[in-house]
2 protein chains.
Amino acid sequence: MVIIPPMQRLTTQRQAILDLINTSNRHWDAEEVNRELSDRGQPVGIATVYRGLTALDEAGLISSVQLADRKRYERADKSHHDHMVCVECGSIEEFSHHKIEALQEAAAQEKGFELTGHQLVLFGRCAACTGVKK
Amino acid sequence: MVIIPPMQRLTTQRQAILDLINTSNRHWDAEEVNRELSDRGQPVGIATVYRGLTALDEAGLISSVQLADRKRYERADKSHHDHMVCVECGSIEEFSHHKIEALQEAAAQEKGFELTGHQLVLFGRCAACTGVKK
DNA sequence: GGTGGAATGATAACCATTATCATTACCACC
DNA sequence: GGTGGTAATGATAATGGTTATCATTCCACC
Ligand SMILES: [Mn+2]
Ligand SMILES: [Mn+2]
Ligand SMILES: [Zn+2]
Ligand SMILES: [Zn+2]
């Protein structure tokens, strides 16, 4: 059950950000969105990109992940999943394991914790990088 | 099997940082270590604190967690565990669930990923904060 | 006691993100 | 279709955590 606080206005700039993310499978950071929109001829100021990403995220129209240092955004029309990041090439893979989710909930309850979210990131070397070793 | 690259020198400053962390159960950030050491009358420059924490961490003498924004350090003589952070009061609880660890490994293998580490943080409201609700 | 590599600490730089603020766009209503 | 009010924009400054720089100090070893 996701609460969606209505965004006040879905402006041209925010629509552009939304379209960009919705028609890709990438995990975008603000800088990349800014650059890509410029390349496509509809530049949006970097501050507006940051605000737009936050607003769209809060509205549930896109979703976000905190990956190591920077925050990244992706399409919201996928079911919940977590991420593994290749420490060598930076590629991002997705996975989901309902048992892990269930066990997290169990661990929280054991401590009297009321879970509101979690962040699970696996680090390692992807298949490509382990195969092509050196 | 933990590889411990030898630190070149365990200086007075680094020993002070190490002692501070080893005799507490807290999760310290650099700023807190810096302030506490000053309060105790053995001030260590903030840059030295950052370098010391990194060096001690790499040497395996303390361990680190990336909690949301800042990096925090704790005693290394505990077995592996993950953390839940109360979004209301900031308190940190520890938990460990060997099944979660095992399932992470399984998920990684499924993708051909060679795991080197992971980061799991649960967010929510702690028992104290849910109980004393307003 | 001299010498070279490490470590220190003050400070500047970095970098992702947020705040400020004047300007512009959009909306509801008259 | 004007007009007033609120949101959004974008240039820019500021913030905050962390790393880089560099002159100085420390220390192990010859
Ligand atoms: Mn994803
Ligand atoms: Mn801990
Ligand atoms: Zn890779
Ligand atoms: Zn709490």
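Atom set for the values below is all heavy atoms of this structure, side chains included, hydrogens, waters and symmetry mates excluded. Keep in mind it's a predicted model, so treat the numbers as computed, not measured. Within every chain, numbering begins at 1; the chains are lettered A, B, ... in the order of the sequence lines, protein sequences first and strands thereafter.
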Has [X] got a side-chain N or O lying under 4.0 Å from the OP1 or OP2 atom of [N]?
| X | N | answer |
| --- | --- | --- |
| Thr48(A) | dG10(D) | yes |
| Gln13(B) | dG9(C) | yes |
| Tyr50(A) | dT17(C) | yes |
| Arg14(A) | dA8(D) | yes |

Check: Start at the 5' end of DNA chain D and walk down; is the nucleotide closest to Thr12(A) or to Asp69(B) reached first?
Finding: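 Residue closer to the 5' terminus by nearest nucleotide: Thr12(A).
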Check: Considering heavy-atom distances to DNA chain D, does Arg9(B) or Lys71(B) have its closest nucleotide positioned more toward the 5' end?
Finding: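 Looking at the nearest nucleotide for each, Lys71(B) comes out on the 5' side.
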Margin query: Are His80(A) and His98(A) an aromatic pair, judged by ring center distance below 6.0 Å?
Written below: no
To the nearest angstrom, how far is [X] atom [atom1] from [N] atom [atom2]?
| X | N | atom1 | atom2 | result |
| --- | --- | --- | --- | --- |
| Leu53(A) | dA16(C) | CG | P | 14 Å |
| Ile46(A) | dA19(C) | CD1 | C1' | 15 Å |
| Asp29(A) | dT17(C) | CG | P | 7 Å |
| Gln15(B) | dC26(D) | CD | C1' | 16 Å |
| Arg51(A) | dA19(C) | CZ | C1' | 10 Å |
| Asn34(A) | dA11(D) | CG | P | 10 Å |
| Gln8(A) | dT9(D) | CD | P | 11 Å |
| Arg72(B) | dG16(D) | CZ | P | 16 Å |

Check: Which is true for Thr11(A) with a 4.0 Å heavy-atom rule: it touches a base, it touches only sugar-phosphate, or it touches nothing?
Finding: sugar-phosphate
Next item on the list: Give a yes-or-no answer on whether the side chains of His118(B) and Glu105(B) include a donor-acceptor pair shorter than 3.5 Å.
Entry: no
Check: Does any donor atom in the side chain of Glu74(A) or His81(A) lie under 3.5 Å from an acceptor atom in the other side chain?
Finding: yes
Notebook entry, point to check: Which residue lies toward the 5' end of DNA chain C, Glu31(A) or Ala47(A), if each is placed at its nearest nucleotide?
Noted result: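 The residue mapped nearer the 5' terminus is Glu31(A).
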Margin query: I'd like to know if Lys78(A) pairs up with Glu94(A) as an ion pair, taking the criterion as any Lys NZ or Arg NE/NH1/NH2 lying under 4.0 Å from an Asp or Glu carboxylate oxygen.
Written below: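 Looking at Glu94(A) together with Lys78(A), the answer is yes, because their closest N to O distance falls below 4.0 Å.
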Check: Out of His83(A), Arg70(A), Arg75(A), which one pairs with His27(A) under the side chain to side chain donor-acceptor pair (under 3.5 Å) rule?
Finding: His83(A)
